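Computed from a prediction, not measured in an experiment: that's the story for all the values here.
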Amino acid sequence: VTPTTLSGVRHLLRVLRVSALMKARSEHATSSVIAGVVQPAVFLSVTAMAGGGRVDTRTALGCGLAGLWGATVWRFGLLLRQERALGTLPGIIVRPAGLAAVLIGKCSAAVVRTILLIAVTVGVFTAATGAPIRIAAPAPFAAALALAIVSAAAFGLLLSSLFVATRSALRIAEALTYPVLILGGLIVPVGQLPVWARPPAALISLHWAADLLTDAANGRSGPPGQWSALAATTLGYAVAAGFALRAVLHKARAEGTLELV
Amino acid sequence: LSWSDHVRPRTFTGLRTIAALSWRDYLAVYPPRVLLGGALPRAVLQVVFIAYLGLLAAGPSGRDFALVGASAQIIAVATVAKGADLLLEDQRFGTLHRLRLARLPLLPVLATRWWAYAAEGVVSALLSATIGCLLFGRTALLPGIWAAAGAFVLVAASTSALGIVSAALSMGRESGVFVVNLVSYLLLVLGGAVAPLDRLPGGLAAVAHVLPMTNGLLCVRDVLAHRPWFGHAAAEAAVAVAWFAFAYGVLLVQQRVARAQGTDDRE
């Protein structure tokens, strides 16, 4: 490892930290509350009331992941559009730190905030209804949760790059939320869906995360195939996000058309 | 000039113009490709998802219960969460004072402008219920749901009043979008959409009856069960009138505050 490489890594970490801090400080108090508190709490409440007062571990964790998915679409997916609306996008692009590092830093702040809110909501709700979630295998649970978070952030970056290139971003976000909640089997197991609607779940990383988190909560580490599937879908999202970001940079630098969308 | 000679024709002409402009405004935001590709599929998928939650929690009967409830609640997504943009954007774009200076009071102007969102809500509800019934093989529910279309219209009216109140109370706050989304989600819990009202904790069931949608949804369930439905329909209409009266009061107070403190210009 050369001193130049070390200096580059240190610089990158500083950019990530500063971007995350800026995002955390500039957010309104209610940001992430819909995805982190309201959505999981509403899904938990209606399921518990309809089912006699309690929800099982799988459903509770699924409601949390549903909140994470909502945040992926509505919070992380709209990051680049917010930068453009604020007029800060060109400034970020021309600086040596680069767009990807700043976006990942900002996305991390939003992810941490959302995850904390979800954890508190699901924890308090399940405890209040007399069926608190107990994590029997904490290490696999933490690993699956970490992968789920990275996956959500990667997909959010992909969406962000796509949303900035279209005027219909909000409408697309609107249409994108529920197909994943249904087909991904986050709350409702895929086995409940018609046979023809089951295959797309394999492409949704949060589907694998839901299975692994439930297994870990019940004391199992989950089959290797599921870990591989979660890692592979996450990697796929990250690679696609990388290509999409390059396309955004091309539109901004070579064509100069990003502001015209 | 008497009311019949001058004021009434001008008022009706004005409201007709507002309704026509509102429709054009709506189509500018939601052109047919966006409606068909985004808004309506979202409505259908949300209802199907909630129905699956009902299935997960309480089996096939819970699914049917939630399917009907979610179809009514989807109206609030149009009339509360989306419709609120009418007022919030007027304030954002600095055009609200023009409405305040108009000859017509603000509430009838807003209520008339809301009609496109109310229509979207009713269409979304009927379409979602129909597709949901077909998807789950519950076509036996369809005649009852379509027979209860009038109750969905009542729900659209009452939730429009709630949407006006929510938007008015959100104006000038960064949390405006948060508030209208929160209200829409709360109706899903408190309105008896997924679970019967007697499952609500404490005195919340009593509160639920003064909220828009609750009685209208009970009316739909009455029609489906071939029970007398008029009582719940009348209750929903009364709730709608009460919420419009509340909206009138909120807008009146807000107008006075806006004149005295310039709050319309606050960002």
Q | Approximate separation, where rounding is to 0.5 Å, of B:Ile50 CD1 and A:Phe43 CZ | A | 5.0 Å
Q: Side chain from CB out, backbone as N, CA, C, O: work out which of these in A:Leu170 comes under 4.5 Å of a heavy atom of chain B, or both, or neither.
A: neither
Q. Taking atom CG of B:Leu55 and atom CD of A:Gln192, what is their separation to the nearest 0.5 Å?
A. 4.5 Å
**Q.** Residue A:Val46 versus chain B: region with a heavy atom under 4.5 Å
**A.** both
Q) A:Thr47 versus chain B, heavy atoms under 4.5 Å apart: side chain, backbone, both or neither? A) both
Q | B:Ala58 versus A:Ala50, closest heavy-atom pair with distance | A | CB-O, 3.5 Å
**Q.** Residue pairs, two or more places apart or on separate chains, that pass ring pair (Phe, Tyr, Trp, His ring centres under 6.0 Å) and touch residues 50-92 of chain B
**A.** B:Tyr52-B:Phe136
(Q) side chain to side chain contact (heavy atoms under 4.5 Å, CB included), that's the test. Do B:Lys82 and A:Glu174 meet it? Break it down for me. (A) CA-CA 11 Å; B:Lys82 289 180 176 177; A:Glu174 213 177 344; 3.0 Å; yes
Q. Between A:Ile182 and B:Leu45, does a side chain to side chain contact (heavy atoms under 4.5 Å, CB included) hold up when you go through it step by step?
A. CA-CA 8 Å; A:Ile182 298 170; B:Leu45 290 167; 3.9 Å; yes
Q | Heavy-atom proximity to chain A below 4.5 Å, by part of B:Leu135 | A | side chain
Q) Under the side chain to side chain contact (heavy atoms under 4.5 Å, CB included) criterion, do B:Leu53 and A:Ile187 qualify, and how do the steps go? A) CA-CA 8 Å; B:Leu53 284 188; A:Ile187 305 176; 3.6 Å; yes
Q: Answer with side chain, backbone, both or neither: which region of B:Val189 has an atom nearer than 4.5 Å to a non-hydrogen atom of chain A?
A: both
Q) Considering only heavy atoms, which portion of A:Ile172 lies under 4.5 Å from any heavy atom of chain B: side chain, backbone, both, or neither? A) neither
Q | Proximity breakdown for A:Thr177 and chain B, heavy-atom pairs closer than 4.5 Å | A | neither
Q: Determine, step by step, whether A:Met49 and B:Val194 satisfy the side chain to side chain contact (heavy atoms under 4.5 Å, CB included) criterion, reporting the C-alpha distance in whole Å, the side-chain angles of both residues, the deciding distance to 0.1 Å, and the verdict.
A: CA-CA 8 Å; A:Met49 284 195 300; B:Val194 186; over 6 Å; no
Q. Which distance, rounded to the nearest 0.5 Å, do you find between the OG of A:Ser45 and the OH of B:Tyr185?
A. 12.5 Å
Q. Taking B:Arg42 for the side chain and A:Tyr178 for the main chain, is one N or O donor matched with an acceptor at less than 3.5 Å?
A. no
